[in-house]
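Chain naming here is simple, since letters A, B, ... match the order of the sequence lines and numbering starts at 1 in each.
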Number of protein chains: 2
Amino acid sequence: MQRSMGILGTRWKPIIIYTLRDRKARFGQLDALIENISRKVLTSSLKELEEDGIILREEFKELPPRVEYALTEKGKALIPIMCQLAKWNEEYYEEPAALEL
Amino acid sequence: MQRSMGILGTRWKPIIIYTLRDRKARFGQLDALIENISRKVLTSSLKELEEDGIILREEFKELPPRVEYALTEKGKALIPIMCQLAKWNEEYYEEPAALEL
DNA sequence: TAAAGTAGTTACCTTTGCGTAACTATCAAA
DNA sequence: TTTGATAGTTACGCAAAGGTAACTACTTTA
């Protein structure tokens, strides 16, 4: 547990992983999809998650440049956990959907 | 998700919650059960988790003093998530148990 | 020649997380 | 009167996390 938390125990990394649960995404897409994250934190988090073997960075030699991020197997193993966490969040913190009448 | 991570996105809080998954515990017990945590971080984390409605602090008017910490309903809802995380940790980072021959 | 698009980087700064060590309060027991 | 046990608190400081804004590099398109 201690080791995991050394890797995941930040405000943004779980959100990045959650965002990649069902898609690859480019840097700019992640920046747009994740509200309020700064490009700087996104850059450094992606770098660290890659070092820790949780995401994969694929660079296409095109112009303009294209880089895609995706979860590795180790990262994919976190998907159910992140989804449960999102559900917990909704249950306790989000606006309930409009009541049916 | 953002809200949850504002609450849980630290190195120690998930570990504290995980430690309380199957027991109440006193301050000193938590300090002993969780390796390497400092009393200071334990104090402040417990205080914040209580403010966020995840744990309950019960103070007994005895001498020497006794204080017990336990998960609330909202906190208990996190147990399966923390257990999965612990499992993920074991799978990818812990020593595998001795191989059978 | 200038703008536009992509994927960052860099400099600078503030806040938070975390650590260590010493100290507090209370009462009972030695 | 000193020790022991419990549950902290306080002072001090470092490092990591995070934010903002401006800047870079490359090539195509206008």
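- By the 4.5 Å heavy-atom criterion applied to side chains, B:Trp12 and A:Gln2 are counted as neighbours.
- Distance OG1/A:Thr10 to CE/B:Met5: 6.5 Å, rounded to 0.5 Å.
- Comparing the helix axis at one end of the helix from C:dT1-D:dA30 to C:dA30-D:dT1 with that at the other, each defined from 5 consecutive pairs, gives an inter-axis angle of 30° (nearest 10°).
- Heavy-atom neighbours of B:Glu62 CD from other residues, nucleotides or ligands within 6.0 Å: above the threshold of 12.
- Rounding to the nearest 0.5 angstrom, the gap separating the CZ atom in B:Arg39 from the CD1 atom in B:Ile37 is 11.0 Å.
- Put simply, CD1 on A:Ile79 and CG on A:Leu20 are 9.0 Å apart, with the number rounded to the nearest 0.5 Å.
- A:Tyr69 comes within 4.0 angstrom of sugar-phosphate atoms only, judged by non-hydrogen atoms across all strands, and of no base.
- A salt bridge links B:Glu73 to B:Lys76: at least one charged side-chain nitrogen sits closer than 4.0 Å to a carboxylate oxygen.
- Along DNA chain D, the nucleotide nearest A:Arg11 and the nucleotide nearest A:Pro65 are compared for position; the residue whose nucleotide lies closer to the 5' end is A:Arg11.
- With sequence neighbours excluded, the residues that form a salt bridge (charged side-chain N to carboxylate O under 4.0 Å, His left out) with A:Glu48 are A:Lys13.
- Taking side-chain N and O atoms only, A:Trp12 has a distance below 4.0 Å to OP1 or OP2 of D:dG19.
- Side chain of A:Thr72 to main chain of A:Leu56: no donor-acceptor pair is present (N/O by atom type, distance under 3.5 Å, no hydrogens or angles).
- With D:dA7, D:dG19, C:dT6 as the candidates, the nucleotide lying closest to the side chain of B:Val67 is D:dA7.
- Residue A:Leu8 contributes atom CG, which lies 17 Å from atom C1' of C:dG17 at whole-angstrom precision.
- With rounding to whole Å, B:Lys13 atom NZ is found 12 Å from C:dT16 atom P.
- An OP1 or OP2 oxygen of D:dG8 is reached within less than 4.0 angstrom by a side-chain nitrogen or oxygen of B:Arg57.
- Sorted by residue number, the members of residues 16-50 of chain B with any non-hydrogen atom under 4.0 Å from DNA chain D read B:Arg26, B:Phe27, B:Gly28, B:Arg39, B:Lys40, B:Thr43, B:Lys47.
- Rounded to whole Å, the distance from CD1 on A:Ile15 to C1' on D:dA17 is 14 Å.
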